[in-house]
Number of protein chains: 2
Amino acid sequence: MRESRTSRPPRAIDVAAAAGVSTATVSRAFNAPEKVLPEVRDKIFAVAAELGWLPNAAGAALASRRTWLAGVLIPTLDHDVFAAQVNALQARLSASGITVLIGCSNYDLDEAADQVRVMLARGIEALAVVGELQRPELFEMISARGVPYVVMYSHSPKSPHPCVGFDNQAAFSKLTRYLLDLGHRSFAVIHQPSSDNDRVLARLAGIRDALASEGLALRPQHVFEGQATFEFGRESLRKCLGGPGPHPTAIICGNDTLAIGALIEARAMGIDVPGALSITGFDDLPIAEFTSPPLTTMRVDNVAIGKAAADYLLNRLGQQPIVPRDAFEADLIVRGSTGPAGS
Amino acid sequence: MRESRTSRPPRAIDVAAAAGVSTATVSRAFNAPEKVLPEVRDKIFAVAAELGWLPNAAGAALASRRTWLAGVLIPTLDHDVFAAQVNALQARLSASGITVLIGCSNYDLDEAADQVRVMLARGIEALAVVGELQRPELFEMISARGVPYVVMYSHSPKSPHPCVGFDNQAAFSKLTRYLLDLGHRSFAVIHQPSSDNDRVLARLAGIRDALASEGLALRPQHVFEGQATFEFGRESLRKCLGGPGPHPTAIICGNDTLAIGALIEARAMGIDVPGALSITGFDDLPIAEFTSPPLTTMRVDNVAIGKAAADYLLNRLGQQPIVPRDAFEADLIVRGSTGPAGS
DNA sequence: TTGAAAGCGCTAACAC
DNA sequence: GTGTTAGCGCTTTCAA
């Protein structure tokens, strides 16, 4: 541990010298302990600790052609859903000695490709990426290098990529079908920015599909696209019900934040939910259970998705037989914010 | 871009050969473009793109003794506060070409030290760490290597470390003082696990200090420590008011999640807030504005903290004159969940 | 402005 | 079981 801040960090050769062995043995002591005599090994560990030696990862990577680095590309860390996935993925990989590089694209496809470029330059050996709507070059780069990857969170049946996630379109069809079964025939949608976002696009498609099966469609003036904030949810509900009729009896929101915003505004406007209006969310945030009325929404197990993505990559890295991933399910959680269509 | 997945990735020497220059010139073209003839440079860029060459970071790090890596150590990504800080810090550093390694300690000091060890082995050149309550070896390791660091989020006046954050103790004293000024004399506290957590410990000290200045103290049966969930907030409020008297007129919660849980339970129990009971939180979550009644809480600008931490480290790395950081403020946001002590 | 050559710190054959 | 040696892919003097 003694070492002045002026001198450079110790190297394997310093440990070797102090322990009276060669650098090869120092390396073995740490990477293949069983190949070193216990007493020699202990001596080396003691000396290494004494000197505060940490094996330089760049040197190791260069010599062994292994970086023990993986990457995960997400839109932003500022969203519970992605944070939960990354947290789980990282916990799993780090338990296997793999360091995770986290790249945030800020929902920008070019930034996403840039981040992957940087990660590849750093030598990631595997990659998890949220969303399959990416610049083609992104997948080309990783394929060219033979880096195993998995698309996380999204999962569409026709995807050419290995996926660990759920089918957004099917989930929103299921949700819409539930509302149709309650008798609703006039819908509004409040959703997040859809450009370059396959999840949002799939959700909208799911809604439209389910409606079309009943010969229904969304009126353009009943579709609101904007930032996923309480404020946008409120504002959209106000515009939606404030304008000239006909008015929807059910509002499908792209996520819980928008739905709670809508719920808050409905309350402020004195609208009876679910008597006069049904509202749904997506994500099942912890607070969804406690809004008034409690929010009908859908739940996805993001921790399980993160773990599964990590396991998939670990298998690919270990040349293990690859367990074909079945899609995750989004569960419908029916609470008080939805009810039969008003008369 | 053409390259079979069987062959190894191209190296600088391949680019050099194809461009008819030496590897030194390839290196210069990317790292000191002004030292290379424009036409030669363009040729190199074209060839590099054609070959899909990405400079191997391990090789570069070894030769240049620069990794362009920084680390950030947080308890967990699963918490808006830390996610926001990391997001901002990473955005800033990545704009300067620095890759950020994110380590999560899961609130465990030994894991924290381990994470830092791994980061140092990878060659981080700077480190931001949440919380100053750490194993001494953690600070020893980074000092021994002369790695600049900053304690993020926490800031105590007497800290021996460079800090970018706010004074938790002062913040909770201010909050408690506000309640005292409203006439409250009997308090309860619902807080997060305090072991090994300097922020929570400081918050409790802040409350106790302010109370002591009025000759008051917390009754042991009015202090609840547990996970920061809605459920623990609810359960604690129930226990607190369900037991034999005397009952507090004000409940200070360690964060908004606990406070909202308490608010939900108070509502369920038919207790008038703030008429019969005042409740406060901390963090000013977006939802805090919309609870009923809206939550009195404190706000800290976590994005600004993340940015400031990044700027501090950037300055240290650039040998810039170090701007002494002044502490951030936690602002009291008074809303409807607090009022004068009931009669 | 460019090239030659010597490493950066470590691992992996191959000998012993 | 351990040492010797030859790189891994890049940057950086130093010359030219």
Side-chain angles (χ1 to χ4, degrees), chain A residues 3 7-45 47-48 51-69 97 118 120-125 145, chain B residues 3 7-45 47-48 51-69 97 118 120-125 145:
Chain A
E3 181 196 344
S7 74
R8 285 179 14 202
R11 294 157 304 159
I13 201 172
D14 301 321
V15 176
V21 297
S22 71
T23 57
T25 302
V26 172
S27 175
R28 281 188 207 103
F30 285 85
N31 301 321
E34 74 285 358
K35 293 189 177 170
V36 177
L37 230 45
E39 51 203 273
V40 176
R41 200 199 304 155
D42 293 344
K43 172 74 176 162
I44 291 173
F45 289 160
V47 168
L51 260 43
W53 178 70
L54 295 176
N56 178 311
L62 218 43
S64 68
R65 303 162 158 293
R66 296 279 274 124
T67 57
W68 299 94
L69 234 36
V118 169
L120 286 172
R122 294 228 174 245
I124 54 165
E125 303 179 327
R145 289 170 182 255
Chain B
E3 181 194 344
S7 74
R8 285 182 11 208
R11 294 155 306 158
I13 200 171
D14 300 320
V15 176
V21 296
S22 72
T23 58
T25 302
V26 171
S27 176
R28 283 188 206 104
F30 284 85
N31 301 321
E34 73 286 357
K35 292 187 179 171
V36 177
L37 230 46
E39 51 202 273
V40 177
R41 196 200 304 154
D42 293 344
K43 171 74 177 165
I44 292 173
F45 289 162
V47 168
L51 260 43
W53 178 69
L54 295 176
N56 178 312
L62 215 45
S64 68
R65 302 161 158 295
R66 295 280 273 124
T67 58
W68 299 94
L69 235 36
V118 169
L120 285 172
R122 295 227 174 245
I124 54 164
E125 303 179 328
R145 290 172 179 252

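So you know, we letter chains A, B, ... as the sequences are listed, proteins then strands, and number each from 1. What you are looking at is a predicted structure, and each value in this text was computed from that prediction instead of being measured.
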Would one find a side-chain N or O of [X] under 4.0 angstrom from OP1 or OP2 of [N]?
X     : N      : result
B/W53 : D/dC10 : yes
A/R8  : C/dC8  : no
B/R28 : C/dG3  : no
B/S64 : D/dT11 : no
A/T23 : C/dC10 : no
B/T25 : C/dT2  : no

From C-beta outward on A/P55, which listed nucleotide comes closest to its side chain: D/dT4, D/dC10, C/dC10?
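Of all the options, the side chain of A/P55 is nearest to C/dC10.
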Given C/dG3, D/dC8, D/dT4, the nucleotide with the shortest approach to the side chain of B/A24:
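Closest of the options to the side chain of B/A24: C/dG3.
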If I compare all heavy atoms of [X] with all of [Y], which pair ends up nearest, and what's the gap?
X     : Y      : answer
B/P9  : A/R145 : CB-NH1, 3.5 Å
A/P10 : A/W53  : O-CD1, 3.0 Å
B/T67 : B/E125 : N-OE2, 2.8 Å
B/A48 : B/F30  : CB-CZ, 3.8 Å

Remember a base hit wins even if backbone is also touched, and classify A/V21 as base, sugar-phosphate or nothing at under 4.0 Å, heavy atoms.
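A/V21: backbone/sugar contact only, no base atoms under 4.0 Å.
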Rounded to whole angstrom units, what separation is found between the [atom1] atom of [X] and the [atom2] atom of [N]?
X     : N      : atom1 : atom2 : answer
B/R11 : D/dC10 : CZ    : C1'   : 11 Å
A/N56 : C/dT11 : CG    : C1'   : 12 Å
B/K43 : C/dT1  : NZ    : C1'   : 18 Å
B/R66 : D/dT11 : CZ    : P     : 13 Å
B/D42 : C/dT1  : CG    : P     : 15 Å
B/L62 : D/dG7  : CG    : P     : 17 Å
B/F30 : D/dT12 : CZ    : P     : 15 Å
B/W68 : D/dT11 : CH2   : P     : 12 Å

Please output the side-chain donor-acceptor pairs of residues 11-21 of chain A that fall under 3.5 Å, not counting sequence neighbours, one pair per line with the distance.
from	atom 1	to	atom 2	distance (Å)
A/D14	OD2	A/R11	N	2.7

Using atom types as modelled and distance alone, determine if a side-chain donor or acceptor of A/R28 lies under 3.5 Å from a backbone N or O of A/V36.
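It does not hold such a pair.
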Take A/N56 and B/L62 through the side chain to side chain contact (heavy atoms under 4.5 Å, CB included) test and state the conclusion after the steps.
CA-CA 9 Å; A/N56 178 311; B/L62 215 45; 4.3 Å; yes
With a 4.0 Å heavy-atom cut-off, tell me which residues in residues 31-41 of chain B come close to DNA chain C, sorted by residue number.
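The stretch gives B/K35, B/V36, B/L37, B/V40 as the residues lying under 4.0 Å from the strand, ordered by number.
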